Number of protein chains: 4
Amino acid sequence: MPKDTFFNLPKEKQERIIEAAIDEFATHPFHQARVTVIAEQAGIAVGSFYQYFEDKKDLYKYLMGLLVEKKLSYINSDMVKNKDKYDFFQLLREVYLSGFRFAKENPRLLPIGLMLANDKELYREIFGEYEDQSAEFFQQLLEYGQVQGAIDPAINPKIMGKMLTGMLYSLTDFIMEDGKFDLDDMKIIDQMLYFIENGLRKK
Amino acid sequence: MPKDTFFNLPKEKQERIIEAAIDEFATHPFHQARVTVIAEQAGIAVGSFYQYFEDKKDLYKYLMGLLVEKKLSYINSDMVKNKDKYDFFQLLREVYLSGFRFAKENPRLLPIGLMLANDKELYREIFGEYEDQSAEFFQQLLEYGQVQGAIDPAINPKIMGKMLTGMLYSLTDFIMEDGKFDLDDMKIIDQMLYFIENGLRKK
Amino acid sequence: MPKDTFFNLPKEKQERIIEAAIDEFATHPFHQARVTVIAEQAGIAVGSFYQYFEDKKDLYKYLMGLLVEKKLSYINSDMVKNKDKYDFFQLLREVYLSGFRFAKENPRLLPIGLMLANDKELYREIFGEYEDQSAEFFQQLLEYGQVQGAIDPAINPKIMGKMLTGMLYSLTDFIMEDGKFDLDDMKIIDQMLYFIENGLRKK
Amino acid sequence: MPKDTFFNLPKEKQERIIEAAIDEFATHPFHQARVTVIAEQAGIAVGSFYQYFEDKKDLYKYLMGLLVEKKLSYINSDMVKNKDKYDFFQLLREVYLSGFRFAKENPRLLPIGLMLANDKELYREIFGEYEDQSAEFFQQLLEYGQVQGAIDPAINPKIMGKMLTGMLYSLTDFIMEDGKFDLDDMKIIDQMLYFIENGLRKK
DNA sequence: GATGAATGAGGTTTCATTCAT
DNA sequence: AATGAATGAAACCTCATTCAT
């Protein structure tokens, strides 16, 4: 956790630092990211950095917290709360849409998350041992869908949960390569769901 | 490219070095991987390392080449050559199976590829600007499938190519988390294809 | 010398600062002692510290002055003034006793003095070039004792002055290791003097 | 322990490094001593330093080992082995003489030992919890002397052990202030022993 | 006077690469 | 070719001191 000194800073300055950090961490894996660069970018002295944060990792963890928090803020909480009022495919669409919107509006945060995912050691230090929640979430959604009768009972929720996660990653890939595609956003989502729906729906 | 001195080495020694390198790069991102460790592991002197390779990156690039080569060796070349004799879903199954087998038999190579994928700068240096070939390959396959009449014409090959890639990644994830799942291999592949087939087949 | 601002402070606050400083300097050699810790302990801001003292050394010097002053306050000034009324061994006993009482009642001050004694550079800056006064004092006492006829004339006052000093240090060592010995205080002093008296008295 | 690389160095270079280290540690307390200075003095690169030693503390511990070893080499091992052939005061003289000779010939090592003695934390790390062996040694010698009948039974060996240690320290002080005294060496030792003998001998 | 954030020089340590044998 | 010591450019982090309010 950042020290109090950080939170006592004017919002504007806090943001400058966070922005600088995101810039650095988005372009370099943790160990390659340099405190000096962040400080310089943010227009503060290196010494100040260490008055705000315990060390480089401290800032990094904090950033990850923000990322998670922000990501969660994108999902329609109303739908989550009343998920029994919605049909499986409506829920799925919502999940994909929220992931999509988040990625679209926070493109620089994406690579940070991805890099972390590939540094097992660091990942564990930050998120502990807990597993890829995404796949698990989809798995539960699928089980629920099967109970509802919307999903083909031949589908194995565990395997398919993983697959839906993989496709979600692909979706964010589109965003990261933005500009290279002339497809409009809705069309992408619709395509995915069209495909998934045909693949999963009970026949 | 490694220097001639490297290729003049007895095969056994070459292999020892490659194995050591794989070990190190599989557990550490490029910048974290240490030449010293590789040399030690391989039982050679650090100085020798630099007589075989230009520098750390040189070895890394070479390794990547091997990886790609090896990966390609897993796909059934007969099928590729005579792909017009096969039906779309047969081809797809073959691709997934080869990816699966490769991952299963070369588990240490997987994380290397993943880490590289997250170091954009390095990636570019090694593979240049050229795009995710996997997605493109699937895209072509899909287009071919549509011509053949096997694939629903409402499917957008570009988008779906990306999705099939994402699912392929998920598949390798299963292997990397091996032991945690009690699913038998064929079942996983079958499930995936069952789902994909329902999702894509012309109705 | 501390600035006026320090002396204008309420006595209570001055003491808090001094106490904090003693705590820090008693547990860390000068260069290891941290201004921040002292300020925090004393409940003042770091900035304030520099309004009271020129710098860290300033406080340290001041502390040393206090230490010396306090130490001197322990010797029976009446005896010093009328030292011709007393016999050599009475005087010696008084000196050892005062050293003993000082150490006993100010245990935290002892290590500060010891540490300083080992940082020649710093020592010189604070006490200048002037020599170990303790040894010199004992030397004079011994010379006086020889004149008096109490001390064996074969004794060399310079050498023996040094030795008496060394034994005084050993005495304070007993205090610093307090609790480890089950000897009662008077017994220690008596032993020492018994030994010294036998060693020195004119035969 | 220094790494093998250090011991593989030509003796001459090893010595240059040790000399440089002694110089630095003799004039600065551990935390104040700078690796850079040692390296520069020794005429090696900083990087080399770390190829020879784990870190600063590693070198320091090694130095301490040398010091102890050297110190022990000064005592007449023949006498120690056959100590029952000697009289208490002969043994004591030998101990003081060896301490004296060591100090005389290795004046720069003395302050290092003294500084360490005052950094409790560091001391513990290097010598563990074990107590001032010097005092204990003297204590045993005294007990032996009492059994022999040479020493006044009224003497408390524990207290007096400490005192003899204190005087030994004073003796080394003479050496460290060398040049300031016009006393010749033997005279100092003789004086001390004359005094001690009178103080301790059974009457 | 009081505060506590801001500063930056300086110290330790790492490691890719070069050099000398 | 083979070796492994030598090098030095970074990088992280600490903390006395100054500054601005």
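As the structure is a computational prediction, the values presented were derived from the model and not from experiment. Residue numbers begin at 1 in each chain, while the letters A, B, ... track the order of the sequences.
- Both B:N8 and D:I44 lie close to DNA chain F; mapped to their nearest nucleotides by heavy-atom distance, the more 5′-ward contact belongs to B:N8.
- The CD atom of A:E40 sits 14 Å away from the C1' atom of E:dT7 (whole-angstrom rounding).
- For the pair C:F6 CZ and E:dA2 P, the computed distance is 12 Å after rounding to whole Å.
- Contact check on C:E19 versus C:R108 returns a salt bridge, with a Lys/Arg side-chain nitrogen under 4.0 Å from an Asp/Glu carboxylate oxygen.
- Salt-bridge formation is detected for the pair C:R16/C:E12: a Lys NZ or Arg NE/NH1/NH2 atom is positioned less than 4.0 Å from an Asp or Glu carboxylate oxygen.
- Closest approach of D:M115 to D:F25, counting heavy atoms only: SD-O, 3.8 Å.
- For D:K3 and F:dG4, the NZ to C1' distance is 13 Å, given to the nearest whole Å.
- For the atom pair A:I126 CD1 and A:Y60 OH, the distance stands at 5.5 Å (nearest 0.5 Å).
- Ring-plane geometry between D:Y62 and D:F7 is classed as perpendicular, the angle between the planes exceeding 60 degrees on a 0 to 90 degree scale with a lower cut at 30.
- Rounded to an integer number of Å, the gap from CZ of A:F53 to C1' of E:dA5 is 14 Å.
- In the set F:dA5, F:dG8, E:dA5, the nucleotide with an atom closest to the side chain of D:A45 is F:dG8.
- Formation of a donor-acceptor pair under 3.5 Å by the A:K13 side chain with backbone atoms of A:I44 is not found in this model.
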Summary of protein contacts for nucleotides 16-21 of chain F, nucleotide by nucleotide, where a base hit scores B, a sugar-phosphate-only hit scores S (4.0 Å, heavy atoms): SBB---

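- Side-chain atoms of D:V35 and D:E24, non-hydrogen and from C-beta on, never get closer than 4.5 Å to each other.
- Aromatic ring pairs are classed by plane angle as parallel below 30°, tilted from 30° to 60° and perpendicular above 60°; the pair B:F6 and B:F53 is tilted.
- Screening C:K120, C:K57, C:K61 against C:E125 for a side-chain hydrogen bond (donor to acceptor under 3.5 Å, both in side chains) leaves a single residue, C:K57.
- Closest heavy-atom contact between A:L67 and A:G113: CD1-N, 4.3 Å.
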Nucleotide pairing, DNA chain E (Watson-Crick or G-U, distances under 3.5 Å), in dot-bracket with [ ] and |: .||||||||||||||||||||

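- For E:dT3, the OP1/OP2 oxygens have a side-chain nitrogen or oxygen of C:S48 closer than 4.0 Å.
- Annotation: proximity of residues 15-22 of chain C to DNA chain F (heavy atom, distance under 4.0 Å) is found for no residue.
- For A:E12 and E:dA5, the CD to C1' distance is 16 Å, given to the nearest whole Å.
- To the nearest 0.5 Å, atom CG of residue A:L66 and atom CG of residue A:L109 are 8.5 Å apart.
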